[in-house]
Amino acid sequence: MRLMAESILSQVQDWGFIYKCDEENNCQIFPPNTREHWKLQQNENKWLLIVNDVAQVICCEEQALSFLKRRCRVNNYIQQAVKSNFR
């Protein structure tokens with residue numbers, strides 16, 4: 001696993017995201033919610049955001065982490081809202 005990928009992957013696993021790396025250590029990060037249709041794909045020393053199988057933007061490590069942190073907050077907010085509606 002590349003050093004850059006290791007730092008992101010350890011964080012995203014704690015946040016509940018799913019990741020996979022192939023035998024060449026190219027990694028992809030997926031949302032925990034299968035209804036979301038995006039992934040981050042490692043592209044050398046950058047990350048490529050892909051939505052509905054269409055490449056959107058190339059991110060540095062910091063930008064990729066910011067995106068994932070935001071998705072984590074949104075997912076937690078949605079989970080809290082759903083829980084409160086069923087009480």
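Bear in mind the structure is a predicted one, so any value in this text is a computation, not a measurement. In what follows, residues are counted from 1 in the order of the sequence shown.
- Residues Leu49 and Ile18 are members of separate hydrophobic clusters, defined by side-chain heavy-atom contacts under 4.5 angstrom among Ile, Leu, Val, Met, Phe, Trp and Tyr.
- No side-chain heavy atom of Ile8 sits under 4.5 Å from any side-chain heavy atom of Cys27.
- In this structure, Ile50 CD1 and His37 NE2 are separated by 14.5 Å, a value rounded to the nearest 0.5 Å.
- Connection of Leu68 to Val51 is established within a shared hydrophobic cluster, with ILVMFWY side chains joined at heavy-atom distances below 4.5 Å, either directly or through further cluster members.
- Using modelled atom types, one side-chain atom of Asn33 and one backbone atom of Arg35 make a donor-acceptor pair closer than 3.5 Å.
- Minimum heavy-atom separation, Pro32 to Gly16: CB-O, 3.3 Å.
- Counting non-hydrogen atoms of other residues, nucleotides and ligands closer than 6.0 Å to CD of Gln13 gives a total of 12 or fewer.
- More than 12 heavy atoms of other residues, nucleotides or ligands lie within 6.0 Å of CG in Asp22, so this atom counts as buried by the packing criterion.
- Between Phe17 and Leu40, every side-chain heavy-atom pair lies at or beyond the 4.5 Å cut-off.
- Distance CD/Gln42 to CD/Glu61: 9.5 Å, rounded to 0.5 Å.
- Applying the ring-ring contact (aromatic ring centres under 6.0 Å, His included) rule to Phe67 yields the partners Trp38; only residues at least two apart in sequence or on another chain are considered.
- Contact of the Lys46 side chain with the Cys60 side chain is registered, since non-hydrogen atoms from C-beta on lie closer than 4.5 Å.
- Between the side chain of Gln28 and the backbone N or O of Asn26 there is no donor-acceptor pair closer than 3.5 Å.
- Two different hydrophobic clusters hold Leu65 and Ile58 under the rule that ILVMFWY side chains link at heavy-atom gaps under 4.5 Å.
- Hydrophobic cluster membership differs between Trp47 and Phe30, with clusters built from Ile, Leu, Val, Met, Phe, Trp and Tyr side chains linked at under 4.5 angstrom.
- A heavy-atom distance below 4.5 Å is found between the side chains of Trp15 and Lys69.
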